[in-house]
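Quick notes on the structure that follows.
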2 protein chains.
Amino acid sequence: MGYSIGQVSKKTGLGVHTLRYYEKEGLLPFVSKTSSGLRTYSDNDLGWIKMIECLKATGMPLKGIKQYIDWFIEGDSTLTKRLEMFEKQKQNLENQLSQIQNNMQMIDYKIRLYQKAVQLGSLQRANQDKELQKEKVKLFANEQIDN
Amino acid sequence: MGYSIGQVSKKTGLGVHTLRYYEKEGLLPFVSKTSSGLRTYSDNDLGWIKMIECLKATGMPLKGIKQYIDWFIEGDSTLTKRLEMFEKQKQNLENQLSQIQNNMQMIDYKIRLYQKAVQLGSLQRANQDKELQKEKVKLFANEQIDN
DNA sequence: AAAATTTCTAGAGTTAGCTCTAGATTTAAC
DNA sequence: GTTAAATCTAGAGCTAACTCTAGAAATTTT
């Protein structure tokens with residue numbers, strides 16, 4: 001009916017130590033145990049794990065995730081807090097997105113530069129390519145010119 | 001002519017300790033020093049710092065970044081290795097992007113759920129909303145149904 | 001029912017990436 | 001020229017998030 005810790009580990013890729021660690025940290029307060037003390041995970045628990053992974057992947061520290069779970073346990077009096085948390089997290093995510101797009105430009109430039117360099121057998125000569133120089137200038141155009 | 005460590009710290013937001021730490025780890029091998037031993041950073045050094053930030057932000061550990069710098073120092077015999085590194089990094093970045101898009105859906109669902117919950121004063125009642133239930137089903141549709 | 005595997009708890013150890021401290025030296029401000 | 005601020009080195013300390021160990025108990029496989 002429920003999943004053993006090993007099965008959950010395989011399903012989620014998380015490692016049994018990690019699962020127990022999360023539980024110890026208060027991130028999985030609903031996991032139940034058999035009469036002999038073995039953990040059994042429900043589908044609901046798997047849902048929580050998915051949620052944890054999502055928040056972790058979007059940069060929330062485990063303490064922040066615990067806060068959310070504590071609010072959840074506290075009940076409907078914390079609804080606005082939880083909403084605000086998710087809204088803040090969405091903001092984070094959008095920042096990450098634009099960050100990634102910037103980084104992608106940088107990496108793309110480097111890839112083209114090194115393709116040229118491999119082709120010419122020399123980074124120096126690749127750097128002299130007019131097209132690549134133009135691209136580099138554009139890339140560094142969003143620098144602050146201060147102090 | 002060059003920047004002091006404090007100026008670079010302000011420019012990059014990195015903290016003087018961190019800058020010295022990066023240098024100790026071999027990530028900034030070109031920073032020069034005045035006759036009395038103070039670091040002076042050139043614009044080229046700032047470029048390296050930008051590169052470090054970019055690779056770090058895309059999930060490369062400092063050791064990997066050091067590897068790249070070592071290859072750079074080694075010269076044109078490592079051009080292909082460096083190209084491959086950037087190509088792998090681009091792959092990483094694309095994975096991150098699709099990951100973020102998944103997470104965004106999850107967060108968006110949660111925001112709508114909690115908006116409804118705040119409006120109704122109850123998470124339970126929000127969960128009964130037909131529209132939100134449909135959305136939830138869609139979200140969890142990409143689950144593996146195995147083992 | 002014996003052997004092999006999985007799980008348990010409590011606690012120690014690890015890794016990455018900073019972050020800080022102390023005491024000395026250098027530089028900038030008044 | 002004195003104070004105040006910034007920088008130096010070497011090394012210690014810190015935090016987050018695991019990751020592992022040991023020895024016992026439970027479960028599964030043979």
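Naming: A, B, ... by sequence-line order, numbering from 1 per chain.
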B:R39/B:E23 ion pair, N-O < 4.0 Å
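Answer for the salt bridge query: yes.
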
Charged N to carboxylate O under 4.0 angstrom, B:K116 versus B:E131?
no

How many angstroms lie between atom [atom1] of [X] and atom [atom2] of [Y], to the nearest 0.5 angstrom?
| X | Y | atom1 | atom2 | answer |
| --- | --- | --- | --- | --- |
| B:K50 | A:L139 | NZ | CG | 7.5 Å |
| B:Y68 | B:L27 | OH | CG | 11.5 Å |
| A:M104 | A:I111 | CE | CD1 | 8.5 Å |
| A:R82 | A:L79 | CZ | CG | 5.0 Å |
| B:L38 | B:S4 | CG | OG | 8.5 Å |
| B:E53 | A:N103 | CD | CG | 9.5 Å |

Among residues 24-44 of chain A, which ones have heavy-atom contacts with DNA chain D below 4.0 Å?
A:S36, A:L38

Specify the residues of residues 55-72 of chain B, ordered by number, for which at least one heavy atom lies under 4.0 angstrom from an atom of DNA chain D.
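Contacting residues: none.
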
Of A:L19, A:L14, A:T18, which meets side chain to side chain contact (heavy atoms under 4.5 Å, CB included) against A:S9?
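Going through A:L19, A:L14, A:T18 one by one, the side chain to side chain contact (heavy atoms under 4.5 Å, CB included) with A:S9 is satisfied by A:L19 alone.
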
Ring-plane angle category for A:W48 and A:F72, please: parallel below 30°, perpendicular beyond 60°, tilted otherwise.
perpendicular

What's the [atom1]-[atom2] distance between [X] and [N], to the nearest Å?
| X | N | atom1 | atom2 | answer |
| --- | --- | --- | --- | --- |
| B:Y3 | D:dT7 | OH | P | 15 Å |
| A:H17 | C:dT15 | NE2 | P | 15 Å |
| B:I5 | C:dT25 | CD1 | C1' | 15 Å |
| B:E23 | D:dA10 | CD | P | 12 Å |
| A:Y21 | C:dG11 | OH | P | 16 Å |

The helix from C:dA1-D:dT30 to C:dC30-D:dG1: angle between its terminal axes, five pairs each, to 10°?
30°

Can you find a side chain N or O atom of [X] that sits less than 4.0 Å from OP1 or OP2 on [N]?
| X | N | answer |
| --- | --- | --- |
| A:Y22 | D:dC18 | yes |
| A:T18 | D:dA17 | no |
| A:R20 | C:dC8 | yes |

Might you work through the salt bridge (Lys or Arg N to Asp or Glu O under 4.0 Å) test for B:E135 and B:K138, ending with a clear yes or no?
CA-CA 5 Å; B:E135 221 179 311; B:K138 260 189 232 163; over 6 Å; no

